[in-house]
Amino acid sequence: MTKSALITGITGQDGAYLAKLLLDKGYKVHGLVARRSSDSRWRLREMGVEADIVYLDGDMADACSVQRAVIKSAPDEVYNLAAQSFVAASWDQPVTTGIVDGLGVTHLLEAIRQFSPHTRFYQASTSEMFGLIQAEQQDENTPFYPRSPYGVAKLYGHWITVNYRESFNLHASSGILFNHESPLRGIEFVTRKVTDAAARIKQGKQQTLALGNIDAKRDWGFAGDYVEAMWLMLQQDKPDDYVVATGVTTTVREMCRIAFDHVGLNYRDYVKIDPAFFRPAEVEVLLGNPAKAQRVLGWKPKTDLDTLIRMMMDADMQRVAKE
Ligand code: NDP
Ligand code: GDR
């Protein structure tokens with residue numbers, strides 16, 4: 001029997017990689033897509049899957065549309081990836097972020113509870129919930145301390161997932177994913193901002209790169225590896241929560257060095273510090289412990305940071321050259 005999946009946030013970075021993964025496994029893939037005035041399917045085109053998806057109009061803030069998407073797709077599995085996912089923007093739009101990233105999860109869980117209780121559910125939780133870290137290396141038992149409206153909203157989404165699992169016996173799992181990147185990463189996130197700028201500087205199309213806190217440390221992995229962990233969570237007999245990370249943390253500064261080095265430039269000659277890119281409250285360091293995902297799911301990251309940044313640099317060099 002062909003399995004049916006519903007992906008919210010299918011036009012985002014992870015949505016594109018996950019859609020490809022599920023299509024390759026023979027799933028019928030449905031995508032909830034919010035109305036936009038401009039094209040939002042470019043990543044699906046890049047992955048070569050745009051024509052293979054059934055699109056359903058809807059918005060996480062609109063419970064009726066979410067309900068309709070669940071009924072229409074009759075999903076075996078739902079992956080809730082939709083979010084206002086840019087941490088810095090969450091201070092400018094705290095209410096929208098709260099509704100979409102927080103309450104939106106309840107819209108989806110309620111629809112599943114009422115109309116499709118056998119459906120397995122994945123929630124895109126985040127290392128941003130650890131925020132002001134309470135342990136040097138964070139795992140599933142580390143207490144949370146979010147530092148942004150985004151982190152706070154995602155913490156609601158996380159706990160409502162746990163609550164619906166415990167209250168209504170839903171197969172609802174939460175993946176606490178650390179930063180993961182790819183050539184399809186949004187340009188506002190620091191890795192893509194750096195690889196895009198390094199490519200432009202190399203090709204004489206930009207002079208400098210303005211960044212904020214380059215001493216921040218992140219545990220960066222590759223999106224293509226991380227969507228496999230999402231799928232594996234929903235193949236388990238029992239729902240649960242898992243940290244997905246590489247177990248290595250690196251400064252933004254070092255990540256800049258890797259990117260600029262790859263095109264034969266010294267980042268120190270181009271990077272300028274601009275207070276405009278500092279956040280009202282920073283998450284200084286994140287470092288995940290993926291031991292449980294490895295033990296239970298048999299999941300391991302396959303791509304190290306050097307390989308990842310080189311992959312992104314190569315893609316940006318090609319794209320910028322065509323502009
Ligand atoms: P993106 O920002 O690339 O994608 C977000 C997706 O959500 C887009 O498809 C976007 O649509 C959609 N969306 C936004 N608002 C709404 C709405 N109101 N209704 C319906 N859809 C909406 O994020 P990523 O792919 O990087 O991340 C996927 C998920 O994982 C997010 O929930 C994110 O918070 C979480 N996460 C990401 C991590 C990472 O490092 N990438 C780490 C941990 C968690 P559109 O394209 O039209 O704007
Ligand atoms: P993050 O990713 O906030 O960790 O959230 P981002 O790449 O935006 O920031 C990482 C770190 O880099 C520092 N930084 C800058 N960041 C940006 N965007 N622009 C800059 O100019 C800059 N200079 C320094 C930031 O301060 C921060 O410390 C991502 C998102 O995908 C979330 O949705 C997800 O939940 C988390 O990762 C895990």
Side-chain angles (χ1 to χ4, degrees), residues 7-19 31-44 56-62 65-66 69 79-90 93 96-97 99-101 103-105 107-108 122-131 146-148 150-151 153-154 157-158 174-182 184-194 197 209-223 226-227 230 244-245 251-253 255-256 271-274 276-279 281-286 288:
I7 304 175
T8 73
I10 196 162
T11 56
Q13 170 189 255
D14 292 6
Y17 279 97
L18 181 64
L32 181 87
V33 180
R35 199 228 156 230
R36 303 284 187 250
S37 64
S38 54
D39 170 46
S40 64
R41 293 192 196 166
W42 64 271
R43 292 185 175 95
L44 297 165
L56 301 169
D57 292 333
D59 193 296
M60 293 306 292
D62 183 319
S65 68
V66 171
Y79 295 86
N80 183 33
L81 310 184
Q84 188 303 95
S85 78
F86 188 38
V87 173
S90 74
Q93 297 174 30
T96 304
T97 305
I99 293 170
V100 174
D101 300 15
L103 290 180
V105 187
H107 293 157
L108 200 42
Y122 172 83
Q123 169 58 16
S125 287
T126 164
S127 51
E128 281 293 300
M129 301 187 310
F130 295 122
R147 292 273 279 172
S148 62
Y150 169 80
K154 280 285 184 177
H158 176 74
S174 175
I176 306 174
L177 270 54
F178 283 61
N179 299 53
H180 46 278
E181 322 291 311
S182 74
L184 300 184
R185 186 59 141 151
I187 203 93
E188 65 274 35
F189 299 94
V190 77
T191 51
R192 244 335 270 309
K193 185 175 170 181
V194 168
L209 167 61
L211 293 176
N213 177 16
I214 61 172
D215 293 318
K217 293 175 96 175
R218 288 292 183 275
D219 180 332
W220 279 296
F222 172 48
Y226 284 36
V227 295
M230 298 177 186
V244 176
T251 58
V252 172
R253 184 191 297 276
M255 184 269 296
C256 288
V271 170
K272 312 279 174 222
I273 302 305
D274 183 342
F277 294 107
F278 281 77
R279 297 175 177 184
E282 176 63 290
V283 173
E284 293 291 347
V285 53
L286 290 171

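Just so you know, ligand 1 is whichever comes first in the structure, and atom 1 is the first atom listed for that ligand. Just so it is clear, the structure is predicted and the values come from calculations on it, not from any experiment. Computed over heavy atoms, backbone and side chain alike; hydrogens, waters and symmetry mates excluded.
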*Examine T191 against ligand 2 and note whether any of their N/O atoms are separated by less than 3.5 Å.*
no
*Classify the contact between S127 and ligand 1 as side chain, backbone, both or neither, using a heavy-atom distance cut-off of under 4.0 Å.*
neither
*asked:* With heavy-atom distances below 4.0 Å as the criterion, list the atoms of ligand 2 near Y150.
replied: 32 (C), 33 (O), 34 (C), 35 (O)
*Could you tell me whether D14 approaches ligand 1 through its side chain, its backbone, both or neither, with non-hydrogen atoms closer than 4.0 Å?*
both
_As an exercise, identify every atom of ligand 1 less than 4.0 angstrom from a heavy atom of N179._
40 (O)
*Answer with side chain, backbone, both or neither: which part of Y150 has a heavy atom less than 4.0 angstrom from an atom of ligand 1?*
side chain
*Looking only at heavy atoms, is any part of V252 under 4.0 Å from ligand 2, and if so is it the side chain, the backbone, or both, or is it neither?*
side chain
*Enter the distance from T191:OG1 to M255:CE here, rounded to the nearest 0.5 Å.*
6.0 Å
*atom 26 (O) of ligand 2: which protein heavy atom is closest, and how many Å away?*
E282 OE2, 2.6 Å
_Could you tell me, atom by atom, which parts of ligand 2 come under 4.0 Å of a heavy atom of A216?_
28 (O)
*What protein heavy atom sits nearest atom 20 (C) of ligand 2, and how far away is it?*
K193 NZ, 3.7 Å
*Give the residue and atom name of whichever protein heavy atom lies nearest to atom 23 (N) of ligand 2, and the separation in Å to one decimal.*
G212 N, 2.8 Å
*Look at atom 32 (C) of ligand 2 and say which protein heavy atom is nearest, naming residue and atom and giving the distance to 0.1 Å.*
S85 O, 3.3 Å
*Any N/O of V190 closer than 3.5 Å to an N/O of ligand 2?*
yes
*Decide whether the shortest distance between a heavy atom of T8 and an atom of ligand 1 is less than 4.0 Å.*
no
*Does any N or O atom in R185 lie less than 3.5 angstrom from one in ligand 1, N or O only?*
yes
*Atoms of ligand 2 less than 4.0 Å from N213 heavy atoms?*
13 (C), 23 (N), 24 (C)
*For ligand 2, which atoms sit closer than 4.0 Å to a heavy atom of F86?*
8 (O), 18 (N)
*For ligand 1, does H180 get within less than 4.0 Å through its side chain, its backbone, both, or neither, judged by non-hydrogen atoms?*
both
*Numbered atoms of ligand 1 (with element) below 4.0 Å of L177, judged on heavy atoms*: 42 (C), 43 (C)
